[in-house]
Structures are given as C-alpha cells and as structure tokens.
Amino acid sequence: MRDALTLHTAVVPHLLRVVPRMPLALGAGPALAICALPLVLSTGLQPSDAALLLRISAVLCVVPAAFALDDPAATTTAALPFPQAVRRSLRLALLCVPLAVIWTACGLLLKAAMNPDDRVALPLAELCLEALALGAATILLAVLGLRLSGGERGSTLAAPGSVLLPLVLVLSPGRERLFAVPHSASWDASRWVWASALVVTAAITAVLLREQRPTGQHRHSAGHDAPDSSLSGDPHEAIRP
C-alpha cells in the first residue's frame with residue numbers, strides 16, 4: 001500500500017505538466033469575468049439572475065473537463081507501471097478540482113453582488129448538482145471518445161458534446177423543470193432529476209474507466225501461454241522428419 005502511494009505521488013508532477021492549461025484558462029477566465037461583473041457594477045443582483053449566471057459559468061467550467069483525458073502519447077504511457085484507470089483518474093482530479101474551486105468562486109462572487117437579504121435565496125449546494133451532472137456527462141463523453149480514438153483524444157467527442165448537451169437541454173420542452181428557479185414549485189423535483197443523472201453517468205463512467213486489456217497483448221499472452229506441441233506427447237514426434 002505504501003509503495004503504491006509513493007508511486008502515485010511520484011507521478012503527479014509529471015501529470016501536472018500535461019494538464020490542458022489553455023482550455024482551463026479559456027473556460028475559467030470568462031466564467032469568473034461574467035460573475036465578477038455584477039459585483040463591479042454594484043447592480044444588486046436578483047436571485048433568478050444570479051442563478052442564470054451561475055449556470056452559464058457551470059457550462060464554461062465544464063468545457064475544459066472535455067480535454068482532461070487527452071493523451072497524445074497513449075501508446076507510450078500505456079507501459080507505465082500502474083493501472084491505466086488510476087492514471088486517468090489522477091488526470092481527472094488534477095483538472096476537475098481547480099474547476100470546482102473556480103465554480104465555487106463564481107458562486108461567492110454572485111452572492112457578494114446580491115443584496116444581503118437575498119443571498120440566502122441562491123442555494124449554491126443545490127445548484128452544484130447541475131454543474132456536477134454536466135461535468136460527469138462531459139467526462140463520460142471523453143471516456144467514450146478515448147475508445148473511438150485509440151486512447152488519445154477523448155475531446156473529439158467530449159468538447160462538442162459539452163456545449164451541445166446544455167443547448168439541447170435549454171431548448172427542450174422540459175427546460176422549466178430542469179432549470180427551475182430556486183425555491184419555485186418545481187425546484188425540488190428538478191434536484192432529484194439532476195441527482196439521478198449524476199449518479200447514472202458517474203456509475204457508467206466508473207465502469208468504462210476500468211482497465212481494458214489491449215487485443216494485441218491478449219493474443220500475445222494467449223500464444224505465449226499455449227503449450228508447445230514439440231514438448232508434449234511422444235518425444236520422438238519432435239525429431240521425426
């Protein structure tokens with residue numbers, strides 16, 4: 001256990017160097033900007049407007065997660081001495097933790113821009129379900145994208161999907177039930193929908209992240225383990241012309 005922990009700790013600095021910084025900056029910068037603007041302008045933000053801005057910032061923070069699993073050197077890193085699922089989980093954590101901090105900062109900025117009496121009407125913890133569910137769906141698309149691209153570019157599927165999925169939900173007939181106004185009649189029901197979506201997508205992603213044995217390696221192992229016909233049966237068969 002200690003050796004495994006030491007190995008994982010040692011590899012973190014190497015994984016930090018391949019964190020997709022450009023998508024992180026392009027997503028986090030605008031998210032923080034749109035949430036800081038009402039505070040700078042001292043507009044006295046209403047709870048419904050704050051919820052809308054926080055939902056937009058959630059989409060902006062989710063997009064960088066589409067690039068978390070990109071690994072152009074997948075054929076090389078596959079030979080590293082620890083499971084692929086662990087390596088990918090570490091890559092996800094190194095990007096998703098900063099994104100979670102940024103989204104929380106967005107929420108605090110919006111609360112600061114609201115009147116003190118209205119701040120309790122912006123439930124950050126419950127709105128976080130939407131951000132988490134969208135993030136889990138994006139990561140699921142990234143895992144599927146890895147399978148379609150030989151383990152190298154999960155973002156080919158996840159990047160457009162992270163933008164199209166919220167658009168489809170916003171344009172769907174049930175958008176009022178999904179993106180309900182906080183504390184409205186449909187608010188509690190919408191939280192159950194997002195929580196269920198989060199659990200389902202997270203479970204599917206966890207299953208797909210499990211180690212998959214390459215086909216070529218499987219065949220090689222099968223051929224290696226097969227008994228040599230020249231060493232079985234009648235020993236004279238091996239030298240008979």
Side-chain angles (χ1 to χ4, degrees), residues 8 11-39 50-71 85-113 122-146 153-167 169-170 178-179 191 194-195 197-206 208-209:
H8 296 162
V11 82
V12 166
H14 300 283
L15 294 177
L16 277 172
R17 288 200 291 267
V18 296
V19 168
R21 295 180 179 84
M22 184 60 70
L24 179 60
L26 292 177
L32 289 170
I34 64 172
C35 293
L37 189 60
L39 180 61
L52 175 61
L53 291 176
L54 193 55
R55 283 163 170 159
I56 295 174
S57 69
V59 175
L60 291 171
C61 288
V62 159
V63 173
F67 300 85
L69 297 177
D70 283 3
D71 188 6
V86 174
R87 184 170 66 253
R88 288 177 175 174
S89 298
L90 288 173
R91 290 171 67 96
L92 285 173
L94 290 174
L95 183 62
C96 292
V97 169
L99 289 174
V101 173
I102 291 166
W103 185 86
T104 303
C106 290
L108 295 177
L109 286 171
L110 291 173
K111 272 185 172 289
L122 184 67
L124 292 183
E126 296 176 7
L127 283 167
C128 181
L129 282 174
E130 299 177 15
L132 289 174
L134 291 174
T138 299
I139 293 170
L140 174 57
L141 291 174
V143 174
L144 293 173
L146 287 177
R153 296 287 182 183
S155 59
T156 54
L157 180 62
S162 64
V163 177
L164 291 176
L165 177 59
L167 287 177
L169 294 178
V170 168
L178 287 173
F179 301 102
R191 298 310 91 189
W194 286 108
L198 173 60
V199 170
V200 171
T201 52
I204 296 174
T205 302
L208 294 180
L209 273 176

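In terms of heavy-atom proximity, Leu178 sits nearest to Trp194 at O-NE1, 2.8 Å. The two residues Gly154 and Asp70 come nearest to each other via the heavy atoms N-OD1, 3.0 Å. Listed here is the closest heavy atom pair of Ala58 and Ala131: CB-CB, 3.8 Å. Residues Ala136 and Ala202 approach most closely at CB-N, 4.5 Å, considering heavy atoms. The shortest non-hydrogen separation linking Ser162 to Leu141 is N-CD1, 4.5 Å. Closest approach of Leu99 to Cys61, counting heavy atoms only: CD1-O, 3.2 Å.
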Using side-chain contact (heavy atoms from CB on, under 4.5 Å), reason through Leu169 and Leu134 one step at a time and then give a plain yes or no. CA-CA 11 Å; Leu169 294 178; Leu134 291 174; 4.2 Å; yes
Pair Leu24, Leu95 - check side-chain contact (heavy atoms from CB on, under 4.5 Å), show working. CA-CA 8 Å; Leu24 179 60; Leu95 183 62; 4.0 Å; yes
Assess the residue pair Thr138 and Leu165 against the criterion (side-chain contact (heavy atoms from CB on, under 4.5 Å)); give the C-alpha distance rounded to whole Å, side-chain angles, the decisive distance to 0.1 Å, and a yes or no. CA-CA 9 Å; Thr138 299; Leu165 177 59; 5.8 Å; no
Using the side-chain contact (heavy atoms from CB on, under 4.5 Å) rule, take Leu54 and Trp103 through it: C-alpha gap first, then chi angles, then the decisive distance, then the call. CA-CA 8 Å; Leu54 193 55; Trp103 185 86; 3.6 Å; yes
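When side chains are defined from C-beta on, Val163 does not count as touching Val59, because their heavy atoms never get closer than 4.5 Å. The shortest side-chain heavy-atom distance between Leu53 and Pro38 falls under the 4.5 Å cut-off. Side-chain contact between Ile34 and Leu60 is present, with at least one heavy-atom pair separated by less than 4.5 Å. Between Ile139 and Thr201, the closest side-chain pair of non-hydrogen atoms is not below 4.5 Å. Residues Leu52 and Phe179 are not in side-chain contact: their nearest non-hydrogen atoms beyond the backbone lie 4.5 Å or more apart. Side-chain contact between Val143 and Ile204 is absent, with no heavy-atom pair separated by less than 4.5 Å. In this structure the side chain of Pro23 never reaches within 4.5 angstrom of the side chain of Val63, judged on heavy atoms.
Rounding to the nearest 0.5 Å gives a distance of 14.0 Å between CZ of Arg21 and CG of Leu26. Rounded to the nearest 0.5 angstrom, Arg91 CZ and Phe67 CZ are separated by 13.0 Å. Of the inter-residue distances, the one linking Leu69 atom CG with Leu92 atom CG reads 4.5 Å to the nearest 0.5 angstrom.
Not a single side-chain hydrogen bond (donor to acceptor under 3.5 Å, both in side chains) links Ser57 to another residue, sequence neighbours left out.
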Please set out all donor-acceptor pairs under 3.5 angstrom arising from side-chain atoms of residues 106-113, sequence neighbours excluded.
unit_1 : atom_1 : unit_2 : atom_2 : d
Lys111 : NZ     : Arg119 : O      : 2.5
Lys111 : NZ     : Leu122 : O      : 3.1

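Sorted by first and then second residue, the salt bridge (Lys or Arg N to Asp or Glu O under 4.0 Å) pairs with a member in residues 123-132 read Arg55-Glu130, Glu130-Arg191; sequence neighbours excluded.
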